[in-house]
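Take a look at the structure below.
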There are 2 protein chains.
Amino acid sequence: MLSNTCKYAIRSVIYLALNAKDGKKIGIKKISEDLDIPTPFLGKILQSLARQKLLSSTKGPHGGFGLGKDPMEISLMNIVEIVDGLDMFENCLIGMRPCKTDTNNQDPCPVHNQFKGIRQQMFKLFNERTIGNLITEIEDTDEYISL
Amino acid sequence: MLSNTCKYAIRSVIYLALNAKDGKKIGIKKISEDLDIPTPFLGKILQSLARQKLLSSTKGPHGGFGLGKDPMEISLMNIVEIVDGLDMFENCLIGMRPCKTDTNNQDPCPVHNQFKGIRQQMFKLFNERTIGNLITEIEDTDEYISL
DNA sequence: AAATAAGAGGATGAAATAATCAATTGAGCA
DNA sequence: TGCTCAATTGATTATTTCATCCTCTTATTT
């Protein structure tokens, strides 16, 4: 569904939104320990998110990663797009070339009509859900975020 | 979403259900040409489906692959399970270990409640849709199956 | 029985994904 | 200024997925 890399990315951004409020920075080593993600690999992932301005990073003592923008402005789709790309939302479920995402499809695959609605719901979820509204829900309900 | 291999597998079974009726066999070379799938790779895939009795195969002149059972008895899930496994339906969307598929989850991830319904729909679709009812729909509506 | 037409199976190669390592750069602090 | 901390960058390794090749076996046809 989502790549390993993408799952790491999403969990990291949620983690930062919860723990690096008001411009605080958290080091890659602490993040990787808390989330159980290999440290150097996490580095690469956070770098690519920082390049796209989703995160900010500073070097040197007390440096680390923090959010690059208002968490309400970061949708799950933003993260997925950077890491995995949009293939999942754009291409046919069973790989038939002429079968396209749009609703009035001239050349639908045999599962197109079944799958179309589900894909739309997923698209909506990933676009509407932002890191911001995820964490307010987490905080409101006292959810404990383990990994 | 689904692996390349799995997409090839599904398209091949649909193809066989449409073209290899009443015990007819079709050679791997013809299938791979019609579906634009690398021949030797397709061989491996069909072999694994045949080992699980979804397909049948015969060697020798006029040999080839055909369906191994009534197409109404082959669900999309049967194919996905053999090729990709059930990971997608069983594990957390963002890779949190304690977050489980079942509905009354003690330790849900921040997207669990949003995603749960969508995953159930997908599960249902893959289980309920069989190769048999796919092809009757195809034949009823004169759909042209290209790739 | 021999020739031929298929699939089966093992070994191998290439590409993408996942993960690591080492050297560099920049920021803060003394 | 110079030291140290932490991210950055580039090179390297490992694993999985995707794909090919070659040989073997089985089944049909003559």
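These numbers come from the heavy atoms of this one structure, side chains and all, not from hydrogens, waters or symmetry mates. In the text below, chain A, chain B and the rest are named by the order of the sequence lines, each starting its count at 1. Everything numeric in this text was worked out from a predicted model, so none of it was measured.
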Separation of B:K7 atom NZ from D:dC18 atom C1', in whole Å? 13 Å
Just compare C:dC21, D:dC18, D:dT29 and give me whichever is closest to any side-chain atom of B:H62. D:dT29
Could you tell me whether B:G43 contacts a base, only the sugar-phosphate backbone, or nothing, with contacts defined as non-hydrogen atoms closer than 4.0 Å? nothing
Of the listed C:dA8, D:dA7, C:dA5, the closest approach to the B:P61 side chain comes from C:dA5
Expressed as a whole number of angstroms, how long is the span from A:L42:CG to C:dT20:C1'? 14 Å
With a 4.0 Å cut-off on heavy atoms, is B:P38 in touch with a base, just the backbone sugar-phosphate, or nothing at all? sugar-phosphate
Rounding to an integer number of Å, can you tell me how far B:K25 NZ sits from D:dA27 P? 12 Å
Heavy atoms, side chains only, cut-off 4.5 Å: are B:Y15 and B:K30 in contact? yes
Given the structure, check if the side chain of B:K44 and the base of C:dG7 hold any donor-acceptor pair shorter than 3.5 Å. no
Rounded to whole Å, CG of B:L49 lies from P of C:dG9 at a distance of 14 Å
B:T5 or B:T58, whichever maps to the more 5' nucleotide of DNA chain D: B:T5
Contact nearer the 5' end of DNA chain C, comparing A:N4 with B:I26: B:I26
Starting at CD1 of B:I28 and ending at P of D:dC21, how long is that distance when rounded to a whole Å? 14 Å
Between A:R129 and A:E137, does any side-chain N to carboxylate O distance fall below 4.0 Å? yes
Nearest-nucleotide 5' precedence on DNA chain C, A:P40 against B:G64: B:G64
Taking the side chain of A:Y8 as heavy atoms from C-beta outward, which of C:dA19, C:dG7, D:dA7 is closest to it? C:dA19
Does the side chain of B:R51 get closer than 4.0 angstrom to OP1 or OP2 of C:dG7 through an N or O atom? no
Tell me: CD of A:E33 to P of D:dA6, nearest whole Å? 12 Å
For atom NZ of B:K124, is the number of surrounding heavy atoms from other residues, nucleotides or ligands below 6.0 Å larger than 12? no
Polar side chain donor-acceptor pair, B:K116 to B:T101, under 3.5 angstrom: no
If we count only N and O atoms by modelled type, under 3.5 Å, do the side chains of A:N127 and A:S75 hold a donor and an acceptor together? no
Which part of the nucleic acid, if any, lies within contact of B:L46, taking any heavy atom under 4.0 Å across all strands shown: a base, the sugar-phosphate backbone alone, or nothing? nothing
Output yes when at least one side-chain N/O atom of B:S57 is less than 4.0 Å from OP1 or OP2 of C:dA8, else no. yes
Go nucleotide by nucleotide along DNA chain D from the 5' end; which of B:D84 and B:K59 gets its closest nucleotide reached first? B:D84
Selected nucleotide, minimal atom distance to A:F41 side chain, candidates C:dA19, D:dA7, C:dC29: C:dA19
Decide if atom NZ of A:K21 counts as having more than 12 heavy atoms of other residues, nucleotides or ligands within a radius under 6.0 Å. yes
Roughly, in whole Å, what's the span from CD in B:Q47 to P in D:dT20? 15 Å
Over how many whole Å does the gap from B:I37 atom CD1 to D:dA19 atom P extend? 10 Å
